[in-house]
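This is a predicted model, so every value here is computed, not measured. Order of the sequence lines sets the chain letters (A, B, ...), proteins ahead of strands, with each chain counted from 1.
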There are 2 protein chains.
Amino acid sequence: MKNSRVTIKDIAKELGLSVSTVSRALKDHPDISVETKKAVVELSQRLKYKPNMMALSLKNSRSNIVGVIIPELVHYFFSSVISGIQEVADKHKMRVIVQQSNESFEQEGEALDAFSDGWIDGLIVSISKETSTYEHFDELQAKGIPIVFFDRPIEQDNVDSVVFDDYKGAYDAVEYLLKIGRRSIAHFAGPASTHVGRERLRGYKKALQDNGIPFSEDLVLYADSFEKGGAGVEALVAKGIEFDAIFTCNDFTAMGVLKALKREGILVPDQVAVVGFGDEDIARMVEPPLTTVRQPGREMGRVAMQTLIDKIDKVPTKERVHTLEASIIVRETT
Amino acid sequence: MKNSRVTIKDIAKELGLSVSTVSRALKDHPDISVETKKAVVELSQRLKYKPNMMALSLKNSRSNIVGVIIPELVHYFFSSVISGIQEVADKHKMRVIVQQSNESFEQEGEALDAFSDGWIDGLIVSISKETSTYEHFDELQAKGIPIVFFDRPIEQDNVDSVVFDDYKGAYDAVEYLLKIGRRSIAHFAGPASTHVGRERLRGYKKALQDNGIPFSEDLVLYADSFEKGGAGVEALVAKGIEFDAIFTCNDFTAMGVLKALKREGILVPDQVAVVGFGDEDIARMVEPPLTTVRQPGREMGRVAMQTLIDKIDKVPTKERVHTLEASIIVRETT
DNA sequence: TTGTATGCGTTATCAG
DNA sequence: CTGATAACGCATACAA
C-alpha cells in the first residue's frame, strides 16, 4: 500500500513494451504508432499514472520550483503579492516555496541558505529592514540562479526588480493634503535603510518644496508600526509641535495615529487629516475609513513572477526595473 | 557559468577518490580513515558543496516537501497558521508549498491535483466553504500520503485534525454577554456547511439554553464578511427586531457591524455590545477595540505540522483530533 | 516503429 | 579502509 506509485516501468511491463516507447508515447512523439500510443495513453489513465517530479527534476536539472523570501507573511500587502506570484506560477505549472525573514538579517540568510542547495529555478526577494549588505545573495547569483527583487530591492545595479513609484505616491499624497489646505504636514517615516522609506520621504520633501512650504525636521519622525504611530502623536503633542496633517509610511501606523488622536481629543479630519500608505484591508473597514495610497500587491506579485519566469526561460528582457503606479484613495480621514 | 553546481563527483575526482568514499566521508561513516574524511570535508567546504535535493529525493522517495491547501492566504488567521507550519517545518529542514483554493471547490481540486503527483511527503488542508464531498482526497490517501486537516476538517472518521474548541469559544462569548446583562443576543453566523459555522452556532444556542433565554430564529442570520455584517445590522433594524448584543462568526463581520451600528446611530457598547471571533490584527487597532475570541493560529499551525511530521515518520500517534482552546479577549465593545 | 544504453546525483550493497 | 556497481524514474542518442 505504501509504495503504490505507478511508474512508466509498470505500464511498460503491462503492455509488453519498453520504457522508452512508453515514455515517447506519453509525450506524443511522432515516431510512435497510433495504436501503441492509444494503448499507452489509455492504460496510463486507467492506472492514474503521474510522472515523478523528482526524477524529472533530476533529469532536466530544473525543479519548476521557485523560492520566495519575504519579511512577514502576516501582512496584507505581502500575502497579496504571494497571491499574485502564485497566480502566474500556477499558469506555468510552477510551484512556490515561501520563507520568511521576519525582518531579520540573520533569518534572511538562513532562508537563503535553505535555497542555496541550488535546487530552485529562481528566487523572488523582498529584503528585511535590517538588511544593508548584500553579499549573501552573491552565492545564488554566481550559481546562475535568477533573482528578482520586489518592493524592497537591494541597492545595486544589474538586478531585476519590481517596485512601486513610492516617490510619486508620497508626492501625490502630500500634494493632495496641501490642496485641501493643510500646511503643517507631519511625516511618520519608515526606516532610512529601506528603499521605500527613503523614496517616500523624498516625495514628501519634494511636494513641500514644489509648493513653497518650508521643510521642518520637527515634523518628520521614524514610526512604522501601530504602536510607534501612537507614540509619535504623543511625542508631537508633548513637544507642542503644531500640525494639521499626518502622512504615515503605512496603514498600521496610521491606525495608531488615529487612535492616539482620538485619545488626545483631536478631531479627524477637522483638526488633523491623516493619510496612510498601502491600502490594507483594514483601511476601508475602520471608522472613519482611511485615506491612503494604494499599492496593488497582487499586480506586483504577478509582474515579479513573470519577470522571473522570463529570466529562467532566458527570454530576452528589456527593462530591469519595473515600476508600478501607486495611487491615492481618498476616504474620510482627509 | 551556468551548470556550476559542485557534485560529489567533482570532489572525488579532485581528490583521486571514488564517489562512494566521498559520500561516506561526508556522512561521517565509521569505515573511513580520519585523514580521508578531513580532506573530503575540507575540500567540500571550500567548494561549497551542497547535496542535490532532487537526487536525494529520488533516491529516498522522500522530498521533504509538504503541501498546504488553504482557502485564502490574505487573512490574518490563515497566514498565522502558515507561519506556525513554517516554524516547525524549518526545524525539521522541511519545505512548505502553499496553494490557495480561494474558497472554491473546483480550485481546491486543482490544488490537490497539483500535489497528486505524489511527490509531497504529506499534506495539510483546511477545506473551502464550498466543499461538502471529500472523494478528491481519496486519491492522495490511497497513495499513503498522510493528511492533516485544520480548522475546517472534513466530516469523516479516521482523519487527523487540529481544531479549535469553537463550541466552547462561542459558548463563553455568549455567556459573557449574558453575564454583563445582555438578553437579546443576535448571532451573525458562518455557513452551515463548515464545521466552525455549526459549532459556533451550537455554542451560542447552548449558552442561551443553559441560562434560560429562549432561542429566537429572528436573531440568527448568515453573515460572514464585512459587507454582510453591515447588511445584517440594517436588516435587523429594518425588521424592527430588538437586540442588545451581536456575536459574529468572525472579526471582519464585526467590523461591518460596528460601522453599520455607527451609521444607524446606535451606541457601542452602551446600546449594543459586539463580540467578534478570531482576534485578527485589526481587532485591537480599531476604535473602540473589539472584544473577540482569540484563536491562536500560529499554535494551530505548529500542532498541525508536528502531527503531520509524526505521521510521515510513522511515529505512533495517540489522538487523532487535537483540540485547541479558544479564549475570549475582552476589550471595549462590551 | 521500437528497443538498448546511458546519464542526471546520490547512496547502499557487495567486493576487494 | 576503499572502490565498482546498481538503483531511484525518466528522457534521449543511438541502434536495430
Side-chain angles (χ1 to χ4, degrees), chain A residues 2-41 43-44 47-65 93 116-121 143-144, chain B residues 2-41 43-44 47-65 93 116-121 143-144:
Chain A
K2 246 203 275 180
N3 216 347
S4 70
R5 303 250 4 232
V6 183
T7 77
I8 217 171
K9 212 186 267 180
D10 299 322
I11 111 145
K13 205 186 299 171
E14 181 93 10
L15 257 43
L17 291 169
S18 74
V19 289
S20 42
T21 305
V22 174
S23 170
R24 281 185 281 236
L26 253 12
K27 302 201 74 188
D28 204 24
H29 194 99
D31 282 358
I32 304 294
S33 78
V34 193
E35 308 137 33
T36 311
K37 246 180 227 173
K38 222 187 90 193
V40 168
V41 169
L43 181 62
S44 72
L47 261 40
K48 292 191 203 298
Y49 164 78
K50 297 277 174 59
N52 183 316
M53 286 288 302
M54 307 158 206
L56 279 176
S57 302
L58 183 56
K59 187 106 203 39
N60 309 328
S61 49
R62 167 154 179 176
S63 62
N64 280 313
I65 298 179
K93 308 251 179 230
S116 68
D117 324 14
W119 53 281
I120 52 168
D121 294 343
K143 283 210 176 102
Chain B
K2 247 203 275 182
N3 216 349
S4 70
R5 303 252 4 233
V6 183
T7 78
I8 217 170
K9 212 186 268 182
D10 298 323
I11 108 148
K13 203 185 301 172
E14 181 93 11
L15 258 44
L17 291 168
S18 73
V19 288
S20 34
T21 303
V22 174
S23 171
R24 280 185 283 235
L26 254 11
K27 305 200 72 186
D28 204 24
H29 193 98
D31 281 0
I32 303 294
S33 77
V34 192
E35 308 137 32
T36 311
K37 248 181 227 175
K38 221 186 93 196
V40 168
V41 169
L43 181 61
S44 70
L47 261 39
K48 292 193 203 300
Y49 164 79
K50 297 277 173 58
N52 183 318
M53 285 289 303
M54 305 161 208
L56 279 177
S57 301
L58 182 57
K59 188 114 212 17
N60 308 329
S61 51
R62 169 155 180 176
S63 62
N64 281 315
I65 298 180
K93 307 250 180 231
S116 68
D117 325 12
W119 53 281
I120 53 168
D121 293 344
K143 283 212 177 100

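Within the structure, a side-chain polar atom (N or O) of B/S23 is placed less than 4.0 Å from OP1 or OP2 of C/dT11. A sub-4.0 Å separation between OP1 or OP2 of C/dT2 and a side-chain N or O of A/S18 is absent. Between B/S33 and D/dT2 there is a side-chain N or O to OP1 or OP2 distance below 4.0 Å. Taking 4.0 angstrom as the limit, A/T21 places a side-chain polar atom (N or O) nearer than this to OP1 or OP2 of C/dG3. In this structure, B/K59 does not reach the D/dA6 phosphate: none of its side-chain N or O atoms is under 4.0 Å from OP1 or OP2. In terms of phosphate contacts, A/T7 brings no side-chain nitrogen or oxygen within less than 4.0 Å of OP1 or OP2 of D/dC8.
Residues B/D31 and B/R24 are not paired through a salt bridge, judged by the lack of any N-O separation under 4.0 Å between the basic side chain and the carboxylate.
In this structure, the NE2 atom of A/H29 is 10 Å from the P atom of C/dT1, given to the nearest Å. What separates CZ of A/R24 from C1' of C/dT1 is a distance of 9 Å, to the nearest Å. What separates CE of B/M54 from P of C/dT11 is a distance of 15 Å, to the nearest Å.
Looking only at distances, no side-chain donor or acceptor of B/S44 sits under 3.5 Å from a matching main-chain atom of B/Y49.
Positionally, the nearest nucleotide of DNA chain C for A/V19 lies more toward the 5' end than for the other of B/L26 and A/V19. If you find the closest nucleotide of DNA chain D to A/K9 and to A/S20, the one lying nearer the 5' end belongs to A/K9. DNA chain D is contacted by both B/A55 and B/T36; B/T36 maps to the nucleotide lying nearer its 5′ end (nearest heavy atom per residue).
Within the 4.0 angstrom heavy-atom criterion, base atoms lie near A/L58. Residue B/N52 is classed as a sugar-phosphate contact, given heavy-atom separations below 4.0 Å to backbone atoms only.
Side-chain contact between A/S116 and B/K50 is present, with at least one heavy-atom pair separated by less than 4.5 Å. No side-chain heavy atom of A/N52 sits under 4.5 Å from any side-chain heavy atom of A/T7.
For a distance-only test at 3.5 Å, the side chain of B/R62 fails to qualify as a donor-acceptor partner of the base of C/dT11.
Side-chain atoms of B/S20 and B/S23 include no donor-acceptor pair closer than 3.5 Å.
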